[in-house]
Amino acid sequence: MGNRLSKIYTRTGDDGTTGLGDGTRVAKNSLRVQAMGDVDELNAVIGMLLTEPVSTSIQTCLTEIQHDLFNLGGEICMPDMSLIKAERIDALETQLDAWNEQLTPLKEFILPGGSRAAAYCHLARTVCRRAERTMHALDAEEKLTATSLQYINRFSDLLFVLCRVLNQEAGINDVLWNNTANK
């Protein structure tokens, strides 16, 4: 691979711009840079979740997703690039269905919490939803691939189910919302 990052600082961003993968420079507060940052933050939260003791199947799944998220960031960084394949959406749906089958049906809304791993997963879910919102805002101005938008949406669904799986594996009940406003 060689030395991709031989020099960490370049001083080129001191003026409030940053370079994209295609060499163009954009403002650091542009939607594209915000979307890249949201996806990067999501990947970091998944990394935090993976510091918790989780099953091998969850660890394998999330590690594959971290690579997908890196590719997604690459797509956003390089306009007109397509790195997320439809097969990855199918993989998310297959995993989501498998995990959801082992859970009891929800009859109430749940609150973030339960085990620490589930709490990290809820944090990842909320960051994922923010990344999705930012990506859609960017897509309204500069088209992203439909596959990348579908991927981020499906991933947030998978994270919701995974929160419940993590609590189940820890032997902890989901934290149910208690609608006291209507009592």
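All values reported here derive from a predicted model rather than from experimental measurement. All values below come from the heavy atoms of this structure, side chains included, with hydrogens, waters and symmetry mates left out.
Summarising the geometry, atom CG belonging to Leu92 is positioned 5.0 Å from atom CD1 belonging to Ile65; distances are rounded to the nearest 0.5 Å. Atom OH of Tyr151 is separated from atom NZ of Lys85 by 13.5 Å, given to the nearest 0.5 angstrom. Expressed to the nearest 0.5 Å, how far CD of Glu93 lies from CZ of Phe155 amounts to 14.0 Å. Atom CD1 of Ile76 is separated from atom CD of Glu142 by 11.5 Å, given to the nearest 0.5 angstrom. Put simply, CG on Leu96 and CG on Leu162 are 9.5 Å apart, with the number rounded to the nearest 0.5 Å. The distance from atom OG1 of Thr126 to atom CG of Leu123, rounded to the nearest 0.5 Å, is 5.0 Å.
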Decide yes or no on side chain to side chain contact (heavy atoms under 4.5 Å, CB included) for Arg164 and Leu106, but give the supporting numbers first. CA-CA 10 Å; Arg164 298 190 65 217; Leu106 272 178; 3.6 Å; yes
Show, in sequence, the C-alpha distance, side-chain angles and deciding distance for Val127 and Glu132, and conclude whether the side chain to side chain contact (heavy atoms under 4.5 Å, CB included) test is met. CA-CA 9 Å; Val127 172; Glu132 181 180 12; over 6 Å; no
Met36 and Leu31: side chain to side chain contact (heavy atoms under 4.5 Å, CB included), yes or no, with the steps? CA-CA 9 Å; Met36 290 180 337; Leu31 279 174; over 6 Å; no
Show your reasoning for whether side chain to side chain contact (heavy atoms under 4.5 Å, CB included) applies to Leu111 and Asn178. CA-CA 9 Å; Leu111 301 178; Asn178 182 4; over 6 Å; no
CA sep, side-chain torsions, deciding dist, call: Ser148, Thr145, side-chain hydrogen bond (donor to acceptor under 3.5 Å, both in side chains): CA-CA 5 Å; Ser148 65; Thr145 67; 3.0 Å; yes
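Every pair passing side chain to side chain donor-acceptor pair (under 3.5 Å) that includes a residue from residues 99-118 is listed here, sequence neighbours excluded: Glu52-Arg116, Ser115-Asn167.
Nearest heavy atom pair, residue Ile152 against residue Ala131, reads CD1-CB, 4.4 Å. In this structure, Val39 and Gly73 approach most closely via the heavy-atom pair CG1-N, 4.0 Å. Shortest non-hydrogen contact noted between Leu159 and Cys121 is O-SG, 3.4 Å.
Applying the side-chain hydrogen bond (donor to acceptor under 3.5 Å, both in side chains) rule to Arg130 yields the partners Asp38, Glu41; only residues at least two apart in sequence or on another chain are considered.
A donor-acceptor pair is defined here as one N or O able to donate and one able to accept, closer than 3.5 Å; such a pair exists between the side chain of Glu75 and the backbone of Leu83. Judged by distance alone, with hydrogens and angles left aside, the side-chain atoms of Asn43 form a donor-acceptor pair with the main-chain N or O of Gln66 at under 3.5 Å.
Under a hydrophobic clustering in which Ile, Leu, Val, Met, Phe, Trp and Tyr are joined whenever their side-chain heavy atoms come within less than 4.5 Å, directly or via other members, Met48 and Phe70 fall into different clusters. Leu176 and Ile172 are members of different hydrophobic clusters when ILVMFWY side chains are connected at heavy-atom separations under 4.5 Å.
Residues Phe160 and Ile110 form a side-chain contact, since some pair of their non-hydrogen atoms from C-beta on lies under 4.5 Å apart. Contact check for Met135 versus Asp139: no side-chain heavy atoms found under the 4.5 Å cut-off. The shortest side-chain heavy-atom distance between Arg129 and Asn153 falls under the 4.5 Å cut-off. Between Val54 and Leu62, the closest side-chain pair of non-hydrogen atoms is not below 4.5 Å.
A donor and an acceptor atom, one from each side chain of His122 and Arg125, are located under 3.5 Å apart. Ser57 and Ser55 share a side-chain donor-acceptor pair at under 3.5 Å.
A salt bridge does not link Arg154 with Asp90: none of the charged nitrogens is closer than 4.0 Å to a carboxylate oxygen.
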